[in-house]
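Encoded as structure tokens, the structure appears first; notes follow it.
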Amino acid sequence: MPDRKTYKIAHVRKWCKDCGICVAVCPRKVFEIDRNDRQAIVNPQDCIGCQMCVEHCPDFALNVTEDKSDA
Amino acid sequence: MPRIALMQGNEAVAEGALAAGVRFYAGYPITPSSEVAEVMARRMPQVQGVFIQMEDEIASIMAIVGASLAGKKVLTATSGPGFSLMQEGLGYACMIEAPIVILDSMRYGPSTGMPTKVSQMDLMQSRWGTHGDHWLIVYSPSSVQESYDLTIRAVNMAEKYRTPVVILSDETISHLREPITIADVSPTVDRRLPAERAGYLPYKTDATLVPAIANVGTGFRTSFTGLVHSDTGFQTANGHVAEALITRLRDKLLSKLDDIIELEADRVEDADITFISFGITARGVAEAVDVLRTRGKKAGSLRLVTLFPFSDDRIRKAAGNAPTIVVPELNSGQLVLLIKRVFGDSRRIVPLNKVNGDLISPADILNFVAEEKL
Amino acid sequence: MKMSNLRSERLPNIWCPGCGNGIVLRSLLESVEQLGLDTDKIVVVSGIGCSSRAPAYTNFDNVHTLHGRAIPVATGIKLANPDLTVIVLTGDGDSSAIGGNHLIHAARRDVDITVIVFNNFNYGMTGGQASPLTPVASVTTTTPGGNTDRPFDLVNLTAGAGATYVARTGIYFTKHMLDHLKKAIAHRGFSLVDVIAQCPTYFGRFNRKGDAGQMIVSQKDWLVLKSVADKKSPQELAGKIVIGEFVNIPPPGPAVVPEGQV
């Protein structure tokens, strides 16, 4: 078990326009644009909670919160 | 006790506005309306109101729209060239239903024309100057007293019906000095405010067709846009909503004509010749009618105090049965187009136009009647 | 961010994928929240253009006016009710071309409003035409051979006109943006923030700036902090835009404008 914090990434699909800004600003490659040109959360476990994706999302489609559930 | 005061037309508009509760004035200097701004600059601080000289007429009308949305009764004053610049703001005020009052003191045009010469050349502009279908109220004073009284009425109508109101005056009335009677208290009308914040919809209407207006900053989270909007106040491209909006903007005024329209008929009942006129021209007509009557000619006059909305029916009924109708005006023929529409071929409609920058005098009218063998 | 200040029922917003406007909007909502302003007393006023649709997503009173005319409407609102916080959301064309005269006069009067310019270097809503802030040589639909007109520098323009708070920021630098929006809104007097945003659909595509992600990250390369720029030569700053606070003059007394007069 890693002892660092983990984060929950909430993605509001209906507001997202798959622009790829979250992919570009994330320092940990948590997101990608998939083969269907759709935004996808591929490495949520790598999220460090920096909020870069949240603050740069033009569509209010991302929310990142600390995961306090016992995993 | 009512008091008598000697006043200039422009001053009467300013004082009338103050009596009606106007507490915000924005304007830009232009002949022949500048005295309104000068009076307001002096008077507004005395009544805890705001006077601001803006950078142009576009800014002036937009500033009064803003102040109106914040709950103030507002006025601006201008003349033809400035009125042209105000047209986009006038259309905006029609669309968002902002209560505003504009004085257009007509001078000779087009363009810069003759700044110090009188005309009635902005008649059609006052009705159709801005683009798109729209409705508004236009009043025409013929005296300094009426400049005062109609300004009060204009402010009240703007608030009552959430509409722009134009006072279409002219260079001569603006600069004329006459004694007027000023009442101690003038009847004032305040806009209807919404009661409930919960579920408030900015353009939800009842039978009055005039939605209650939430002033900005009062917690209603309201919305205004010049785009076609639903009752939420937000934009829509729904054609049915658009049609309903435009229809309501028309009907909210056209269903209140008893309240809005004032026509002044004088001896039209038995007249063989009736003059239909407005503003300063109606004063020459009044004297000409007196003279014609002393000469045994059955003359009458119909003066349009309310120019718009223009009710064909009401004018037809008010004008009597004279077979000849003369339409004197200080332009090349604007009102006469409407009068021809009203009467069709049922009467002889004769235009009397003057476009040299001078007034139509009683003598001009008498000579015209003689020369035309009317 | 407090979602209650966002009119989330109106989302998704109308802007193109990767448009910078939503990022500025978010920062505005954050600013208001962090300043602890009474949201009943905030009025957001806009003109015409992509940026001017932003107020409709705020849960404040909003007034969407005519092209270029947000500032005189905001002036009327503020003078009519000085208790209100009046914020103008505008674009580069709306504020500096058709509304340019109103902009400089509001700055001159030091009327207590905040103007936030969503600067994406072109007219987005009408299809990517040149604006007065389009850089020289940039391609737009009305400068197909590259823009030959020099752009305004909004910072110097409004500072010269008498604005008492002027800053520039960029949407990549979200903390910088938030800090300066907060200072501008809190400032008593005329304040302006030139926010470098982005239009990947037109300006970015025509000028080969890459996709939305590449465009926003590239701000690290061509936006330079004022503190850094102050130590550099003009040659070193060629092609760069300086961000930071340029004017911050506190109000002289209890009230800038005497009651009832301007």
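Chain identifiers are assigned alphabetically (A, B, ...) following the order of the sequence lines, protein sequences preceding nucleic acid strands; residue numbering begins at 1 within each chain.
In summary, the aromatic rings of B:Tyr203 and B:His229 are positioned with their centroids under 6.0 Å apart.
Closest of all the heavy-atom pairs between B:Asn156 and B:Val189 is OD1-N, 3.0 Å.
When heavy atoms are compared at a cutoff of 4.5 Å, C:Val63 approaches chain B by way of both its backbone and its side chain. Heavy-atom distances place the side chain of B:Arg197, and not its backbone, under 4.5 Å from chain C. With a threshold of 4.5 angstrom between heavy atoms, B:Ser60 does not approach chain C through any atom at all. Looking at B:Ala26, neither its backbone nor its side chain comes within 4.5 Å of chain C, counting heavy atoms on both sides. Using a 4.5 Å cut-off between heavy atoms, C:Arg53 touches chain B through its side chain atoms alone. Using a 4.5 Å cut-off between heavy atoms, C:Leu66 touches chain B through backbone and side chain atoms alike. Residue C:Thr85: no heavy atom, backbone or side chain, is found under 4.5 Å from chain B. Of the atoms belonging to C:Thr75, it is side-chain heavy atoms, and not backbone ones, that fall under 4.5 Å from chain B.
Legend: side chain to side chain donor-acceptor pair (under 3.5 Å) pairs involving residues 4-28 of chain C, not counting sequence neighbours, sorted by first then second residue: A:Lys17-C:Asn13, A:Asp59-C:Asn13.
Interface remark: of the candidates B:Thr222, B:Ile58, B:Ile96, B:Thr222 forms the most heavy-atom pairs closer than 4.5 Å to chain C.
C:Ser191 places no side-chain N or O within 3.5 Å of a backbone atom of C:Ile185 that could act as its donor or acceptor partner.
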